[in-house]
2 protein chains.
Amino acid sequence: MTNIHDIARLSGYSVSTVSRVINHQKYVADEKRAKVEAIMRQLDYVPNRVARNLSNGQTKTVGVVMPYANHPYFARIIDGLVSAAFEAGYKITLLPTNYDLTIERRYLDQLRSKAYDALIFTSRSSSLETLERYRKYGQIVCCEDPGERPLAAAYTDREASYISALKWAQAQGYQKMGVVLSRNNVISASTRVTRSAYQQVYGKLTSQHLFVGAVTYEDGYRAGEYFANLTPGVDAVFTNGDDIGAGVQTYFTDHQLTPPPIIGQENLLSSRLCQFSTIDHHLEALGRAAFKLATGQTTTHKLIKSEFIRR
Amino acid sequence: MTNIHDIARLSGYSVSTVSRVINHQKYVADEKRAKVEAIMRQLDYVPNRVARNLSNGQTKTVGVVMPYANHPYFARIIDGLVSAAFEAGYKITLLPTNYDLTIERRYLDQLRSKAYDALIFTSRSSSLETLERYRKYGQIVCCEDPGERPLAAAYTDREASYISALKWAQAQGYQKMGVVLSRNNVISASTRVTRSAYQQVYGKLTSQHLFVGAVTYEDGYRAGEYFANLTPGVDAVFTNGDDIGAGVQTYFTDHQLTPPPIIGQENLLSSRLCQFSTIDHHLEALGRAAFKLATGQTTTHKLIKSEFIRR
DNA sequence: TTAGTGTATGAAACCGGTCCCAGGTCAAGC
DNA sequence: GCTTGACCTGGGACCGGTTTCATACACTAA
């Protein structure tokens, strides 16, 4: 592999001069610049990215921590992230965790080892305290409201949108609202917020009205089965995602039952095809905002407005 | 930032010894090993990834070139890619191109500059010859049949599955098959193969029966409008994706027309909800295979069987 | 006793860049 | 004539690791 020293030797100039040519800096005589450029072309030379990164102390790379990539929720965030990163000349590296704390920790240590300039947690299992502790090794952005904690964050106003959706349903006359969640976990922002919003509109969420463990359409189908066989039943279902809502609805129609009105999330194709209401969290915008926070130095919060779409 | 020299100085041993401890190599006395480890812990030291990458001459990173991330086709491939990379201790960097040749070339030059160990083209605008030319800078994998060209490749047997789907439709009595494509482009493998399969089953594909430029559900809806207003019309539609097929179907039902049978691709939720046939290309498997080829040195081909799902 | 082998260690070259600093030329301004 | 500042150039430290090689010691087999 040819390196900058080869170019220097062959051109007869110093490494410094070659470096100046590479970086289009001032103070290089025109004829030397031309000669160096000619030799670089001739030898098919390209400066080594890794060496530059080492010298510059940055990688122009942002790591994105997520449980898995094949879920529309994360896919949409990633989409926004990748676009914003591209425009800024940064690269996005995908870091799957499958909600494993040990793996999350590994990524935090990679931040420590300067493998990334920043880390974005689209979801997390670690505590916010842990993230803060690693803050000194690089920027860290989370995708939820960190409250008083001093972490950069991009998040949606879930609670407001949940409340308005639930209030709307209540006003329509639906008094027995079932709820579908992915994880029943204190650390999951979505779970916390759903519970809180439900509490404020419908009162305490009983375990009867709750189905936990839904991530996919199939899970939603099982949730549909659960609610269809529940007595007393529910008259509407609030789900943690459109695909899951579609599963709920399909269970009912598959069994010649009238499906309850469903409220989904993310405004995916499935809620359009199944014609139920949904909450669009504008996740691309969330991703873009998260990236901007990752490359800025500040500890700022960025709130993305969610939108309740009635159908 | 504390580095390996600090550890060496503070422990009283040499950099080599510290390096041996870091890398769990033999030939370090137990007490020295213990002392070095203690000091590393005490100083909160982690070796710098970039420096190691420079020294080792590899990054354990694979770049994935794709037009955009927010499309189910690429999302599914990426999913397989990320899983396989994770298991192998590699990282995946997403490289969006929006089909721009200049941007593709930029990524190829980044391969040249050792930013990645390998590059996977899930789709491409550059010619295969161009990819081959860059082959000497690192492994390059494409996701289509490269024919006689000596490139590593993971791809699905599109043609066989298209033919069997079309023959099935023909046997069902559908003689006027409409086709929806994304790009009418020689370089697009999917376009070439669709045309070829159509030719073999239905004969020449006339421009009447073809709608080009569909990527999203909305595009599919417009394709539906096109076919609904076509005289003489079509009696079935072969689409380049389930979401697009769902768009076609929805246009018909929205306008109180009986939708033609539709053949989709990818086996997404939309084809299940709309109950039409589809071809599952097992894209996760494709992604996994592509990753394995990227880290292997060989120029091999891996064929993933596509599956026609009748509904 | 001696040659041979396994273990342990550090000096220094190397990976491939960036950049600070010292030193030199030359023309303009006083 | 002298100072000043803009322009140009190269040496070498530095980023933070890995690895080769020379050396030394302990122990065993001939």
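Throughout, a chain's letter reflects where its sequence line sits, starting with A, and its residues are numbered from 1.
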Given dT18(D), dG16(D), dG10(D), the nucleotide with the shortest approach to the side chain of H5(B): dG16(D)

Nearest-neighbour nucleotide for the S19(B) side chain, dG16(D), dC7(D), dT19(D) considered: dT19(D)

Base dG17(D) to side chain R49(B), donor-acceptor N/O within 3.5 Å cut-off: no

Sugar-phosphate only, base, or nothing, as touched by V18(B) at under 4.0 Å among non-hydrogen atoms: nothing

First and last nucleotide of DNA chain C, 5' to 3', lying under 4.0 Å from heavy atoms of chain A: dG16(C) to dC19(C)

Phosphate OP1/OP2 of dG10(D) contacted by S14(A) side-chain N/O (<4.0 Å): yes

Sidechain N-carboxylate O distance under 4.0 Å for D109(B), R112(B): yes

Short N-O contact, D6(A) and R9(A), less than 4.0 angstrom: yes

Q25(B) CD to dG17(D) P, straight-line distance once rounded to whole Å: 15 Å

Side-chain N,O (R52(B)) to OP1/OP2 (dT18(D)) below 4.0 Å: yes

Electrostatic pair E87(B)-R288(B), nearest N-O below 4.0 angstrom: yes

Touch class at under 4.0 angstrom, heavy-atom based, for K32(B) against every strand present: sugar-phosphate

Atom-to-atom span, CZ of R20(B) to C1' of dC21(D) - whole angstrom: 11 Å

5'-most by nearest nucleotide on DNA chain D - N48(B) or G12(A): G12(A)

Closest heavy-atom pair and its distance - K136(A), D44(B): CE-OD2, 4.4 Å

Mutual orientation of the aromatic rings belonging to Y68(B) and H71(B) [parallel < 30°, tilted 30-60°, perpendicular > 60°]: tilted

Interatomic distance where CZ belongs to R9(B) and P belongs to dG16(D) [whole Å]: 12 Å

Sugar-phosphate, base or nothing in reach of V15(B), heavy atoms under 4.0 Å: base

Along DNA chain C (nearest heavy atom to each residue), the more 5'-positioned of T17(B) and N56(A): T17(B)

Sugar-phosphate, base or nothing in reach of N53(B), heavy atoms under 4.0 Å: nothing

Test item: side-chain donor near acceptor, R49(B) and N53(A), under 3.5 Å: no

dT19(D) OP1/OP2 closer than 4.0 Å to side-chain N/O of Y27(B): no

Carboxylate-amine/guanidinium contact K60(A) D117(A), below 4.0 Å: no

Distance below 4.0 Å between K26(A) side-chain N/O and dC7(D) OP1 or OP2: yes

